[in-house]
Number of protein chains: 4
Amino acid sequence: MDPISTSIKDQQLIEKRRRQMIKGAITLFKEKGFHRTTTREIAKASGFSIGTLYEYIRTKEDILFLVCDAIYQQVQERLVAQIDLTNSSVEHFEKVIRSYFYLMDDMQEEVVIMYQEVKSLKKETKEYVLQKERDMVAMLERVIDTCFPGTISLLDRELLANNIFIQGQMWGFRRWMLQKQFTLEDYIDRQIYFLMHSLTVK
Amino acid sequence: MDPISTSIKDQQLIEKRRRQMIKGAITLFKEKGFHRTTTREIAKASGFSIGTLYEYIRTKEDILFLVCDAIYQQVQERLVAQIDLTNSSVEHFEKVIRSYFYLMDDMQEEVVIMYQEVKSLKKETKEYVLQKERDMVAMLERVIDTCFPGTISLLDRELLANNIFIQGQMWGFRRWMLQKQFTLEDYIDRQIYFLMHSLTVK
Amino acid sequence: MDPISTSIKDQQLIEKRRRQMIKGAITLFKEKGFHRTTTREIAKASGFSIGTLYEYIRTKEDILFLVCDAIYQQVQERLVAQIDLTNSSVEHFEKVIRSYFYLMDDMQEEVVIMYQEVKSLKKETKEYVLQKERDMVAMLERVIDTCFPGTISLLDRELLANNIFIQGQMWGFRRWMLQKQFTLEDYIDRQIYFLMHSLTVK
Amino acid sequence: MDPISTSIKDQQLIEKRRRQMIKGAITLFKEKGFHRTTTREIAKASGFSIGTLYEYIRTKEDILFLVCDAIYQQVQERLVAQIDLTNSSVEHFEKVIRSYFYLMDDMQEEVVIMYQEVKSLKKETKEYVLQKERDMVAMLERVIDTCFPGTISLLDRELLANNIFIQGQMWGFRRWMLQKQFTLEDYIDRQIYFLMHSLTVK
DNA sequence: AATGAATGAGTTTTCATTCAT
DNA sequence: AATGAATGAAAACTCATTCAT
């Protein structure tokens, strides 16, 4: 299900070119945001001409979608890779959360792009992207449920999953505030510390 | 300290016109964001001509600054109004946090503007605005320190203040996710519940 | 009833600028047709910048409409000016037709523009322009009816009016064929000669 | 005499491909005109790739020429097929004219293409195409001369032939005006009726 | 102080044409 | 012979900003 039109027939080439495009675009979006980046710059950063760029997309917004989608995809994949739903130990939970925080550190800039630019997508594509975010939160909820069975209400589980989720992102988009006082390790340790208490409250 | 140039002498008029401008601009930014709003639209929504608009600002970005500044100002003022640093009771703490969450609910859309558009400010003005955010977080830290003296380390205090701060904003900028499952009261109750446990952990 | 959007408020200025635009555009359309003419060229030929051009129209097609409308308007006005419906003499009829042919000679190039470009208008504006053509044919019918009362059936009147109408245009758009053999006077004389016979057939 | 360059050797293939191209292009030109049709669309409608298209032509204009030429060719052939220069009866004349009108009805859309797009050809090719039109008019003149010998002057013959010619086309390109009031039969009957009177005027 | 017409650099997008495979 | 990916010049259109009135 590929919603982005192209006149190119070679599917492998499409993927290759789009990968180039996404890479180029992310670099530029990090630097100046979506609106201040021109399609010509994206073409150049991608290593091909403006004409070629438009063989693989229809509008500039398509690029934003491609970028957002790719970022969410990557976050999701890397998060999923850490999760073992057959392992219900508290240690596993901690490991998952910890790696999620590391992941967010690794993808700081990408996360900022998402935060600031998703709103520029149009209704349908935005909905599609936000669904991915819902999925990730649901995943965290499932991990909570697996590792702390029975103790947390559905609603609280959702709340805590959301808290975890944005605390991860916060490390990136509030780094101007946090990263002067905290090392990454400190940040993670303390967040997990409080989280554990919230989860084991009687 | 007014960093925005103008050729108008009458200070009262300047303030009146800027209030009109900010009001008009916020309405438009809510709807379509800063980049998709034109200066002409802002002038129109403000009730005067494009020529007049440019008598009171120098560039479009000035308007964004004015808007962000006004929003932060308002949040800060309304938050400060709730705080009584001579009252060190836990009840007072809870009341402050609760009213902060209500405030964030009230100013949801404005908060979203800040979130998504502050990055478009240039270095100096951005720094000026972010300082206001630091001030607010510092205020929350002070309240924590006042109401839970001695129990929380400086770093943890900062972390929790940040958590509170963004959990308030989260209610607004993640409403598509949260506001289907939670009423405002539920949300506040549960966040405060977990927060209290974090603050009273031994 | 002005269907073309503009951001200019001064009505007189709008008319002045549009007159400039129409004049510039007609010159260019004569030379290279609508599609091969760029908006920049039109702006230049009109004596103002591309930005100014777009203050007075919304799309390139608006210019085409303005041009077609102006041409039809002019043809119609000049045709109407010749018609005296209180004069039912055959001489008057001949005079009207003759002056219509002269008019078509005078506006040859404009007529060619209409012929070739009206199809590029979109449904509504095309319909609006074609109505003017219907009106003109109807006018010719009325003159026939006035000067040859009772002798010609409604349908024949319509047919002959159409014939006259396109024979006038034909002089312009088939000049490559006709204007080598015929002088304008010859052409008119012979067409009127045959026409008179058609109208007085028993 | 083939003015259109190609790198293909197999003459039969050239003709086959061009037939495909003309068919595809006519369909598209009918719908959206020459300028709004892209070469890619023509290639697709012709059943081959854009690369192949350009093996058989050099520029987009070549396609227009091919199309115009094919249309004229067809009109001419079908007209010629009706003419028997050994038959000098008035009935034969009427039959020829009648079948010409039927032909124009049959090829309405093609005729509209010619009318509106021939001007986009460049000088030489346009001249070549218009010569075909001259030939056809000359053919009508010859039929007049054959069936009404001696009665009509050369100039009048040319005028009437032109009138017939464009009255046939008029049925197509003014259908929005005519085809509401007239059936094809009525139209033909009345035009021939007046024509006959013109031809038999003393 | 206020107005709004004028400007033109800059943006997205299209599409005829080429050429390596 | 056929393909279709690549190209980039050129097009329409926008909009922040200026400045004469």
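- At the phosphate of F/dA2, neither OP1 nor OP2 sits under 4.0 Å from any side-chain N or O atom of D/Thr52.
- Rounded to whole Å, atom P of F/dT3 lies 18 Å from atom CG of A/Leu13.
- Among E/dA16, F/dA2, F/dA9, the nucleotide with an atom closest to any side-chain atom of D/Thr39 is E/dA16.
- By the 30° and 60° cut-offs, the orientation of the rings of D/Phe34 relative to D/Phe29 is perpendicular.
- Note: D/Phe173 and C/Tyr115 have perpendicular aromatic rings, judged against thresholds of 30 and 60 degrees for the angle between ring planes.
- Distances from the side chain of C/Lys9 to the nucleotides F/dA2, F/dC15, E/dG4 place E/dG4 closest.
- Checking E/dC15, E/dT13, F/dA5 against the side-chain heavy atoms of D/Thr38 singles out E/dC15 as nearest.
- Between B/Tyr54 and E/dT3, a side-chain N or O to OP1/OP2 separation shorter than 4.0 Å is absent.
- Under 3.5 Å, the side chain of A/Arg40 and the base of E/dT13 form at least one donor-acceptor pair of N or O atoms.
- Look at E/dA16: its Watson-Crick or wobble partner, with both distances under 3.5 angstrom, is F/dT7.
- For the pair D/His35 NE2 and E/dA16 C1', the computed distance is 12 Å after rounding to whole Å.
- Between A/Lys119 and B/Glu117, at least one side-chain nitrogen of the basic residue sits less than 4.0 Å from a carboxylate oxygen of the acidic one, meeting the salt-bridge criterion.
- To the nearest angstrom, C1' of F/dA11 lies 11 Å from CD of C/Glu41.
- Per the geometry, CZ belonging to A/Arg58 stands 8 Å off P belonging to E/dT14, to the nearest Å.
- What separates CD1 of D/Ile8 from C1' of F/dA2 is a distance of 8 Å, to the nearest Å.
- Test C/Lys23, C/Lys16, C/Arg17, C/Arg18 against C/Gln20 for side chain to side chain donor-acceptor pair (under 3.5 Å) and you get one pass: C/Arg17.
- Under the Watson-Crick and G-U wobble criteria, each requiring two contacts below 3.5 Å, nucleotide F/dT21 is paired to E/dA2.
- Each of D/Gly47 and B/Thr37 has a nearest nucleotide on DNA chain F; the 5'-most of these lies closest to D/Gly47.
- Side chain of C/Lys60, nearest nucleotide from E/dT17, F/dA6, F/dC13: F/dC13.
- Residue order along DNA chain E, read from the 5' end via each residue's closest nucleotide, puts A/Ile57 first among A/Ile57 and D/Gly51.
- D/Thr59 comes within contact range of the sugar-phosphate backbone alone, with a heavy-atom separation under 4.0 Å but no base atom that close.
- The only option from B/Glu133, B/Glu110, B/Lys132, B/Gln131 that meets the side chain to side chain donor-acceptor pair (under 3.5 Å) definition with B/Tyr72 turns out to be B/Glu133.
- C/Ser7 comes within 4.0 angstrom of the backbone, heavy atoms only, and of no base.
- As judged by a 4.0 angstrom heavy-atom cut-off over every strand, D/Arg17 is placed among residues touching the sugar-phosphate backbone only.
- Side-chain contact, D/Ser7 with D/Glu55: a donor N or O sits under 3.5 Å from an acceptor N or O.
- As a whole-Å value, the separation of B/Arg36 CZ from F/dT14 P is 14 Å.
- Rounded to whole Å, atom C1' of F/dC13 lies 17 Å from atom OH of C/Tyr56.
- Of the candidate nucleotides E/dA2, F/dA10, F/dG8, F/dG8 has the atom nearest to the side chain of A/Ile50.
- A/Phe48 has its CZ atom 9 Å from the P atom of F/dT7, to the nearest Å.
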